[in-house]
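When a ligand or atom number is given, it counts from 1 through the structure's own listing order. From a predicted model like this one, the values you see are computed outputs, not experimental measurements.
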Amino acid sequence: MWQLFKYTMMSKVRFDAIAKSQERKYGGIEEKGKRSEQFATHVFNEEKMLQYLTRDAFASVKNAIFSASKIDRKMADQIAEAIKAWAISMGATHYTHWFQPLTGATAEKHDAFFDLLEDGRALEKFGGNQLVQQEPDASSFPSGGIRNTFEARGYTAWDPTSPAFVYGTTLCIPTIFVAYTGEALDNKAPLLRALQAVDHAATAVAKYFDKNVGKVNATLGWEQEYFLIDKALAYSRPDLTMTGRTLVGDAAAKGQQLDDHYFGVIPNRVLSFMSDLEQECTKLGIPVKTRHNEVAPNQFELAPVFEEANLAVDHNLLLMDVMEKVADRHQLKVLFHEKPFAGINGSGKHNNWSLATDTGVNLLSPGSTPMKNLQFLTFFINTIKAVDSYEELLRSSIASASNDHRLGANEAPPAILSIFIGEQLSNVLDELEGVSKGKLSPEEKTELKLNVVGKIPEILLDNTDRNRTSPFAFTGNKFEMRGVGSKTNCAKPMTILNTIVAKQLKDFKKEVDALVNKKSLKKDEAIFNVLREYIKTSKRIRFDGDGYSMDWEKDAERRKLSNNKTTPDALQVLTSEKSLDLFKSMQVMSEVEAKARQEVDLESYTLHLQIEGRVFNELVYSQIIPAALEYQNMLMKNVAGLKDIYGAAHQKLTDGQLGIIEQIAEHVNAIKKKTDAMTAARKNANTLKDITKKAIAYSSNVRPYFEDIRYHSDRLERLIDNQLWPLTKYRELLFIK
Ligand code: ADP
Ligand code: MG
């Protein structure tokens with residue numbers, strides 16, 4: 001009896017969690033009203049500005065958005081008064097500056113509008129000062145040494161290009177987070193600078209084709225993948241709770257091999273979560289559009305209509321926050337980790353990117369006239385050239401401990417960057433490459449315009465999208481960057497991508513202008529000439545084959561493309577002379593800022609692995625080995641009992657048990673040895689002062705043990721009595737009904 005009680009106790013957490021998850025009942029899905037009528041009701045957008053702001057104040061906000069001009073104090077007071085009135089009418093009691101520290105998530109510190117006057121009367125207060133600038137005492141956020149060096153405090157400053165919104169009872173004001181000395185302490189400030197750089201460079205080039213272009217916006221449409229797990233089950237696993245992924249866990253008999261989840265019927269319980277989530281998003285102005293099941297069981301995707309990149313980044317961060325809150329209400333837990341489960345697909349966040357003019361033209365969309373197509377080819381080829389020149393830097397922008405499980409681990413796109421453009425466009429580039437140097441003969445010009453450039457179909461066939469193994473694919477009217485991690489703040493890849501394209505377009509314009517001025521070529525001749533050179537010099541980045549194959553790795557090495565499989569390796573390029581020159585010349589980051597980001601990311605990598613190492617140790621010693629020994633003891637008692645009864649004849653009855661006893665002993669021995677070795681390697685790594693060396697020690701000396709420990713744990717899970725296994729199993733976690 002006591003024994004039975006003890007067994008029940010051992011896995012009580014697991015069985016309680018399962019019971020709790022099965023108790024839940026889910027009602028039907030309610031969706032009230034037209035979604036378009038609810039869109040952005042909680043956002044202080046242009047419509048509300050017109051309603052609440054004076055004409056002058058409205059003009060000054062619009063100006064700030066269009067040309068990044070400053071808003072003066074008096075105007076700021078007026079705007080603050082208006083936003084307050086609107087926010088209070090929406091039920092807000094507090095306000096917060098909402099910012100993106102280098103941790104990757106968002107941060108907020110709520111203050112009440114409520115204030116007391118000297119005579120004790122209470123009122124709701126919010127002025128220009130509170131709107132424009134705040135000094136959160138946020139000294140615990142990582143700053144990569146910036147604030148220590150300069151002994152400067154950080155402040156948050158309003159970003160008028162992303163509208164304020166009311167979430168729950170709080171007015172949220174999107175802000176940048178900078179040190180008093182001017183260095184950015186966040187992900188948003190460099191992004192805004194990169195977007196400004198690409199605007200200036202692309203506008204200058206777009207003017208070759210249309211003088212009326214006054215501004216170019218980078219556009220971003222992300223596709224957020226995620227897993228949904230029952231909350232009680234998720235919290236029954238210490239590894240999921242502490243690290244966001246399962247460190248151990250034997251694959252369920254059924255995984256994704258039947259392909260029955262992808263685009264399948266969305267389970268009721270999940271649909272009710274999605275419906276609730278989408279209503280929240282709609283109110284907050286996040287234009288969510290598609291939802292579907294992903295490849296792995298319990299994996300889903302949500303994608304919006306694309307937007308201006310800064311706004312899209314904010315919306316993705318807000319979405320992730322809203323998702324966690326809504327899931328909690330539905331007794332679910334969202335996993336954003338790139339690889340929460342071994343043996344089934346991980347999650348990513350494709351970043352679809354393009355450039356759009358204020359005249360309503362998508363610069364990466366082929367058109368109906370030769371001129372429009374020359375414009376398309378200009379931006380298309382310059383993007384290819386930019387990625388070719390800075391492939392390693394672009395790869396570094398998506399590096400993280402969790403994304404290492406995808407990139408460089410034979411899953412999702414590889415760690416090698418390459419571009420897929422499809423057969424049709426490859427042919428066009430081949431033909432352009434044959435153009436003669438210098439002046440073009442009239443025949444050549446006609447041929448080019450009518451038969452090469454003129455023939456790019458307005459809407460490219462969708463088959464350009466067929467290669468799903470490519471990390472950077474042209475998909476008809478945009479590029480799709482596929483290596484971005486599901487947890488990653490899109491600001492990071494978007495900062496780098498827009499910076500390198502800005503630099504490239506600036507160089508391009510210089511070269512074209514020089515040919516026009518010095519060699520007196522016609523503008524379109526000069527453009528053809530420069531593009532032809534780019535096609536030649538950026539060939540190595542184009543690859544249409546299988547990005548997952550071993551052959552490609554070898555081929556890429558011959559092409560001298562980088563293949564940084566781990567985060568510490570990938571991050572080194574951030575502070576190379578070439579990168580620092582780029583950041584400086586595009587005014588995106590100073591050397592101090594770039595170094596700070598490298599330091600913060602290396603530190604974060606080490607910390608993540610350190611936590612995983614500790615959790616492994618805890619799991620092995622306090623859960624896995626005890627469960628294994630408990631079962632081994634049961635078997636030993638059984639063998640001893642049989643021996644008592646049958647004497648010498650017991651042998652043919654106890655063979656099986658003895659075999660299992662021995663297997664358990666082997667795995668217990670091995671798992672203990674590996675865990676101890678891992679802990680020793682960890683302790684060793686911890687003594688290193690240099691952050692790069694420390695991160696590398698974690699990736700080369702500590703991390704390899706994780707696989708070994710997992711292997712033995714998963715073997716033990718298979719051997720041991722289900723009743724005794726302390727951790728909720730994959731088959732229990734992964735099939736929400
Ligand atoms: P798939 O899953 O096949 O990649 P989706 O339709 O899910 O395709 O995603 C396409 C994404 O591309 C959407 O998020 C959409 O908003 C985005 N997108 C479409 N056009 C553009 C554009 N011009 N700029 C940026 N993103 C775009
Ligand atoms: Mg996609």
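Checked by distance only, ligand 1 and Phe306 come closer than 3.5 Å through their nitrogen or oxygen atoms. For ligand 1, one of its N or O atoms has an N or O atom of Glu480 under 3.5 Å away. Between Val305 and ligand 1, no pair of N/O atoms sits closer than 3.5 Å. Residue His350 has no nitrogen or oxygen atom sitting less than 3.5 Å from a nitrogen or oxygen atom of ligand 1, judged on distance alone. In terms of polar-atom proximity, defined here as any N/O pair under 3.5 Å, Trp353 makes no such contact with ligand 1.
When Asn352, Thr290, Leu364 are checked for heavy-atom proximity to atom 12 (O) of ligand 1, Asn352 turns out nearest.
Residues Leu192 and Ile176 come closest through the heavy atom pair CD1-CG2, 3.7 Å. Across all non-hydrogen atoms, the minimal contact from Thr106 to Leu317 is CG2-CB, 3.7 Å. Across all non-hydrogen atoms, the minimal contact from Arg406 to Gly485 is NH1-CA, 3.7 Å. Scanning both residues, Asn489 and Pro493, for their nearest heavy atoms gives O-CD, 3.5 Å.
Which parts of ligand 1 touch Glu301 is read off a 4.0 Å heavy-atom cut-off, strictly below it: atoms 7 (O). The atoms of ligand 1 that sit less than 4.0 Å from any heavy atom of Trp222 are 14 (O).
Inspection of the Tyr730 and Thr246 side chains reveals an N or O donor paired with an N or O acceptor under 3.5 Å.
When atom types are taken as modelled, the side chain of Arg193 and the backbone of Thr499 share no donor-acceptor pair closer than 3.5 angstrom.
Heavy atoms of Ser365 come nearer than 4.0 angstrom to ligand 1 in no pair at all. Ligand 1 has at least one atom lying under 4.0 Å from a heavy atom of Asn362.
Put simply, the residue from Pro163, Ser162, Cys490 that forms a side-chain contact (heavy atoms from CB on, under 4.5 Å) with Asp314 is Ser162.
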